[in-house]
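Report on one structure; see the data block that follows.
Here, residue 1 is the first one in the sequence, and each next residue gets the next number.
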Amino acid sequence: MTSIAELSASFSAVRCELKGKVGYLILNRPEVHNAFDEVMISEMTQAINAFAHESDCALMVLKSDGKHFSAGADLNWMRKQAAMDFDANLKDARELANLMDTLDRFPKPSIALVNGAAYGGALGLICCCDIAISSHKASFCLSEVKLGLIPAVISPYVVRAMGPRQSRRYMLTAERFDASMALALGVVHEIADDLDAAAAPIIQNLLSGSPQALGWCKSLIARLQSGVIDEHTRDYTSERIARIRVSAEGQEGLNAFFDKRSPAWVNDTGSKD
């Protein structure tokens with residue numbers, strides 16, 4: 001099986017690193033403000049899948065090299081798209097849709113650290129992550145309509161984060177908004193000058209949680225996001241809690257609590273009480 005380091009060495013548009021239990025996926029095209037094209041999309045998808053299957057990886061941080069998180073779509077890639085027929089454009093769009101879905105369904109916690117510009121498709125990446133922190137100088141824009149386009153592939157994730165009312169404004173006007181507005185809109189959770197320092201306590205909190213429980217929480221939230229509460233919802237949630245109570249990690253967590261000791265997964269990460 002290819003290691004994370006070997007996979008990263010084969011990439012040109014991103015880097016991936018495993019430091020302790022934390023996987024880092026780093027956009028690495030600072031010369032074009034980390035604009036993405038078909039190569040970056042493919043490499044990101046491969047890296048996310050690799051971290052998903054890496055047993056030593058407990059969570060993933062998405063960040064970027066350079067001054068900007070991502071300027072959105074690469075201009076040369078957009079020129080190629082303009083010359084493609086419908087079938088080729090559909091294939092291209094499905095690759096981006098697959099990236100967003102892969103990130104959104106990543107079975108472990110994910111954190112986006114956003115610096116500088118985050119335009120177009122970059123907002124999709126941010127909204128697919130579980131937690132997002134931006135710098136005070138970050139700026140955001142859903143600029144597609146100014147190009148005669150729409151933010152179609154990223155729209156399910158952006159609308160879920162911002163809500164349909166705010167999405168109407170910012171998708172239709174294509175106006176830029178700052179970090180404070182991104183916080184108010186639910187695009188990011190926190191604003192900080194030092195992104196890595198702000199992420200550190202969040203990472204420690206995530207590492208203190210049961211890996212199984214973290215993954216099950218994500219699938220639980222995804223299942224319940226429609227807001228419907230009915231007999232099927234009650235049956236599903238009852239089955240989930242009963243099943244995790246009798247699981248190995250559930251038993252370990254409960255026994256550790258009653259024994260007044262750290263559970264095994266905390267000891268594995270080197271975290272302290």
Side-chain angles (χ1 to χ4, degrees), residues 27 33-36 41 44 62-64 68-73 78 81 89-90 93-94 96-106 109-192 195 198-199 202 217-230 232-234 236-237:
L27 309 185
H33 308 308
N34 294 308
F36 50 84
I41 290 169
M44 287 186 70
L62 174 62
K63 58 190 298 188
S64 61
H68 299 288
F69 181 73
S70 174
M78 291 174 65
Q81 291 172 323
N89 261 290
L90 183 60
R94 283 175 170 163
L96 180 59
N98 181 54
L99 166 61
M100 297 295 164
D101 182 68
T102 302
L103 179 56
D104 189 58
R105 294 176 184 270
F106 185 65
S110 57
I111 304 172
L113 302 183
V114 185
N115 58 299
Y119 294 167
L123 267 82
L125 297 175
I126 296 165
C127 293
C128 285
C129 288
D130 300 313
I131 300 165
I133 306 171
S134 83
S135 69
H136 285 89
K137 295 182 178 180
S139 62
F140 305 80
C141 185
L142 292 157
S143 55
E144 286 83 354
V145 295
K146 290 190 175 181
L147 303 174
L149 305 174
I150 57 174
V153 169
I154 66 171
S155 61
Y157 313 103
V158 175
V159 173
R160 182 181 63 192
M162 293 174 56
R165 186 64 174 164
Q166 297 292 2
S167 297
R168 286 189 181 197
R169 171 175 176 170
Y170 290 99
M171 288 184 179
L172 294 174
T173 63
E175 60 192 294
R176 295 183 185 182
F177 54 96
D178 62 14
S180 295
M181 182 56 69
L183 181 65
L185 292 172
V187 173
V188 302
H189 295 89
E190 186 177 330
I191 304 171
L195 295 176
I202 295 174
C217 273
K218 291 192 63 168
S219 62
L220 179 72
I221 294 164
R223 174 73 175 263
L224 301 179
Q225 64 189 14
S226 68
V228 175
I229 303 174
D230 57 16
H232 296 296
T233 308
R234 293 191 295 274
Y236 170 72
T237 55

Before you tell me yes or no, could you show the steps for Leu96 and Phe36 under side chain to side chain contact (heavy atoms under 4.5 Å, CB included), namely the whole-Å CA-CA distance, both residues' side-chain angles and the distance that decides it to 0.1 Å?
CA-CA 10 Å; Leu96 180 59; Phe36 50 84; 4.1 Å; yes

Steps toward side chain to side chain contact (heavy atoms under 4.5 Å, CB included) verdict (Met44, Leu62)
CA-CA 10 Å; Met44 287 186 70; Leu62 174 62; 4.0 Å; yes

Run the side chain to side chain contact (heavy atoms under 4.5 Å, CB included) test on Val145 and Met171 for me, step by step, so that the C-alpha distance in whole Å, both residues' side-chain angles and the decisive distance to 0.1 Å come before the verdict.
CA-CA 7 Å; Val145 295; Met171 288 184 179; 5.9 Å; no

May I have the step-by-step check of side chain to side chain contact (heavy atoms under 4.5 Å, CB included) for Ile154 and Leu142, ending in yes or no?
CA-CA 10 Å; Ile154 66 171; Leu142 292 157; 3.8 Å; yes

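Counting heavy atoms from C-beta on, the side chains of Met100 and Pro156 never come closer than 4.5 Å. Leu195 is not listed as a side-chain neighbour of Val114, based on a closest heavy-atom distance of 4.5 Å or more.
Side-chain atoms of Thr233 come within 3.5 Å of backbone atoms of Val228 as a donor-acceptor pair (strictly under, hydrogens ignored). When atom types are taken as modelled, the side chain of Ser70 and the backbone of Asn34 share a donor-acceptor pair closer than 3.5 angstrom. Side chain of Ser143 to main chain of Ala174: no donor-acceptor pair is present (N/O by atom type, distance under 3.5 Å, no hydrogens or angles). Without hydrogens or angle criteria, His189 side chain to Ile133 main chain gives no donor-acceptor distance under 3.5 Å.
Around atom CG of Leu172, more than 12 heavy atoms belonging to other residues, nucleotides or ligands sit under 6.0 Å away.
How far CD1 of Ile191 is from NZ of Lys137: 14.0 Å, rounded to the nearest 0.5 Å. Within the model, atoms CD1 of Ile229 and OG of Ser226 stand 9.0 Å from one another, a figure rounded to the nearest 0.5 Å. If you take CG on Asp101 and CG on Asn98, they are separated by 6.5 Å, rounding to the nearest 0.5 Å. Interatomic distance, Leu103 CG to Ser110 OG, rounded to the nearest 0.5 Å: 5.5 Å. Between atom CG of residue Leu99 and atom CG of residue Leu125 there is a gap of 6.0 Å, rounded to the nearest 0.5 Å. For the atom pair CG (Leu27) and CZ (Phe69), the distance works out to 5.5 Å, reported to the nearest 0.5 Å.
Residues satisfying the side chain to side chain donor-acceptor pair (under 3.5 Å) test with Ser139, not counting sequence neighbours, are Tyr119. A search for side chain to side chain contact (heavy atoms under 4.5 Å, CB included) contacts involving Asp104 returns Cys128, Tyr157, Arg160, not counting sequence neighbours. Taking Arg168 as the reference, nothing meets the side chain to side chain donor-acceptor pair (under 3.5 Å) condition, with sequence neighbours excluded. Residues forming a ring-ring contact (aromatic ring centres under 6.0 Å, His included) with Phe177 (at least two apart in sequence, or on another chain): Phe140, Tyr170. The side chain to side chain donor-acceptor pair (under 3.5 Å) check on Thr237 picks up nothing, with sequence neighbours excluded. With sequence neighbours excluded, the residues forming a side chain to side chain contact (heavy atoms under 4.5 Å, CB included) with Ala73 are Trp77, Met78, listed by chain and number.
Annotation for Val187 and Cys127: closest pair CG1-SG, 4.4 Å, computed over non-hydrogen atoms. In terms of heavy atoms, Val188 sits closest to Ser134 at CG1-CB, 4.0 Å. Listed here is the closest heavy atom pair of Ala132 and Ile126: CB-CG2, 3.7 Å. In terms of heavy atoms, Ser135 sits closest to Ala179 at O-CB, 3.4 Å.
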